[in-house]
Amino acid sequence: MWNQLRTDEYEGMLAETITMPGHKGDQIHAYFSRPLGKGPFPGIILIPHMPGWDEFCRETARRFSQHGYLALCPDIYCRFGHGTPDEISIKARDAGGVADDSVMGDCEGALDYLNSLPYSNGKVGVIGMCSGGRHAFLAACKVSGLDAAVDCWGGRVVVPKEELTPARPVAPIDYTSELCCPLLGLFGNDDKFPTPEQVDMQEEELKKFGKNYQFYRYDDAGHGFMYYHSQMYRPHQAMDAWEKVFDFFGEHLSTEKRD
């Protein structure tokens, strides 16, 4: 993936904040980036992590577009108000987190938006990191029409009953039988959320129901090992993980969907 661009090919993209219909028809903000050109292009829903709808999400969206994808990152936290990502994250945490139903509704809205674009190839994947990874797995189980999903170290997929909340009433692992698209999981073996044992449990459920999945686990890496803006960053593991993400989405999203 890295530095495989041809020097004689045109490159350009458009990136902007848009408004789109989300859960229950709410008008929410989203960050949308796309390659310039006739396409058609596959789509990716990028679910923000708990640090918020932040600069990292925007840069990640543009990285996808640089490699030929329509990338849409909905502001799943907008119902808590507006301000800096840190300010809104605090409000979301104090309120018990964003509700799963709300995030799934926003994902459905993002899917509809991407599929409506004349330069879409009709295929859409979903990806998220941290809490966004958990939401990506949940979307792969609950949102009809997705073609691929990537869970990057999504914590609390495995949750004991006593830790369920009104905002998160069901452990995502309990929806494994409903997984409706191929899944890629990327995890650090030094992570505590999820622990390697919890990743084992998730993998056992995927095998139990005969699901199409690939899990990769990295030594000397913990939570957020792809976050190049933090001390958690592990460059070798991160770049290998990016290769696997693009290989995976390339396999499942590159061809045009047929009616």
Side-chain angles (χ1 to χ4, degrees), residues 13-34 43-66 69-114 126-139 143 150-157 159 163-169 172 191-193 222-233 238:
M13 74 173 72
L14 173 66
E16 61 180 340
T17 303
I18 66 167
T19 300
M20 54 159 271
H23 182 54
K24 294 185 176 180
D26 293 347
Q27 292 297 307
I28 66 171
H29 286 146
Y31 189 76
F32 178 51
S33 63
R34 65 177 177 89
I44 290 176
I45 301 167
L46 171 62
I47 305 178
H49 47 189
M50 192 55 188
W53 191 54
D54 61 3
E55 188 167 349
F56 177 82
C57 291
R58 288 160 170 75
E59 291 185 355
T60 302
R62 294 194 296 271
R63 169 170 279 190
F64 279 119
S65 291
Q66 186 176 22
Y69 292 88
L70 311 170
L72 186 60
C73 182
D75 180 9
I76 62 173
Y77 301 107
C78 70
R79 297 163 185 87
F80 297 101
H82 296 289
T84 67
D86 286 342
E87 290 169 347
I88 304 308
S89 293
I90 291 172
K91 289 184 178 181
R93 288 190 181 96
D94 289 345
V98 61
D100 285 344
D101 284 349
S102 178
V103 180
M104 295 303 101
D106 289 349
C107 286
E108 289 171 354
L111 177 61
D112 290 342
Y113 183 91
L114 289 168
V126 63
I127 185 172
M129 292 90 175
C130 188
S131 62
R134 174 187 177 278
H135 286 138
F137 176 77
L138 196 58
V143 177
V150 179
D151 170 4
C152 299
W153 58 88
R156 302 185 67 80
V157 170
V159 188
E163 294 183 15
L164 297 176
T165 68
R168 300 174 177 180
D191 204 340
K192 300 295 188 290
F193 301 100
H223 198 78
F225 63 88
M226 293 168 73
Y227 290 158
Y228 47 79
H229 57 295
S230 78
Q231 294 181 348
M232 298 180 284
Y233 186 52

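Quick note: residue numbers are just sequence positions, from 1. Computed from a predicted model, the values in this text were never measured in an experiment.
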Measure the acute angle between the ring planes of F225 and W153, then classify it against the limits of 30° and 60° as parallel, tilted or perpendicular.
tilted
Test item: D75 and P48 side chains (from C-beta on) under 4.5 Å apart, heavy atoms:
no
Using only atom types and a distance under 3.5 Å, with no angle test, would you say the side chain of H223 pairs donor to acceptor with the backbone of F193?
yes
Any donor and acceptor pair, going by atom type alone, linking the side chain of S33 with main-chain N or O of S65 inside 3.5 Å?
no
I'd like to know if the side chain of R134 reaches the main chain of C130, judged simply by a donor and an acceptor atom lying under 3.5 Å from each other, with no hydrogens or angles considered.
no
Do H82 and H29 touch side chain to side chain, with heavy atoms closer than 4.5 Å?
yes
The test is side chain to side chain contact (heavy atoms under 4.5 Å, CB included); show your working for D54 and H49 and say whether it passes.
CA-CA 9 Å; D54 61 3; H49 47 189; 2.8 Å; yes
Parallel, tilted or perpendicular: which one describes the rings of F56 and Y228, with boundaries at 30° and 60°?
tilted
Contacts of L164 that satisfy side-chain contact (heavy atoms from CB on, under 4.5 Å) - sequence neighbours left out
V159, A171
Is there a side-chain contact between F32 and L70 (heavy atoms, below 4.5 Å)?
yes
Contacts of D106 meeting salt bridge (charged side-chain N to carboxylate O under 4.0 Å, His left out) (sequence neighbours excluded), chain-then-number -> R79
Under 3.5 Å, side chain of W53 to main-chain N/O of A30, donor-acceptor pair present?
no
Could you tell me whether a side-chain N or O of S131 sits under 3.5 Å from a main-chain N or O of M50, the two making a donor and an acceptor?
yes
Side-chain (R34) to main-chain (L72) donor-acceptor, under 3.5 angstrom:
no
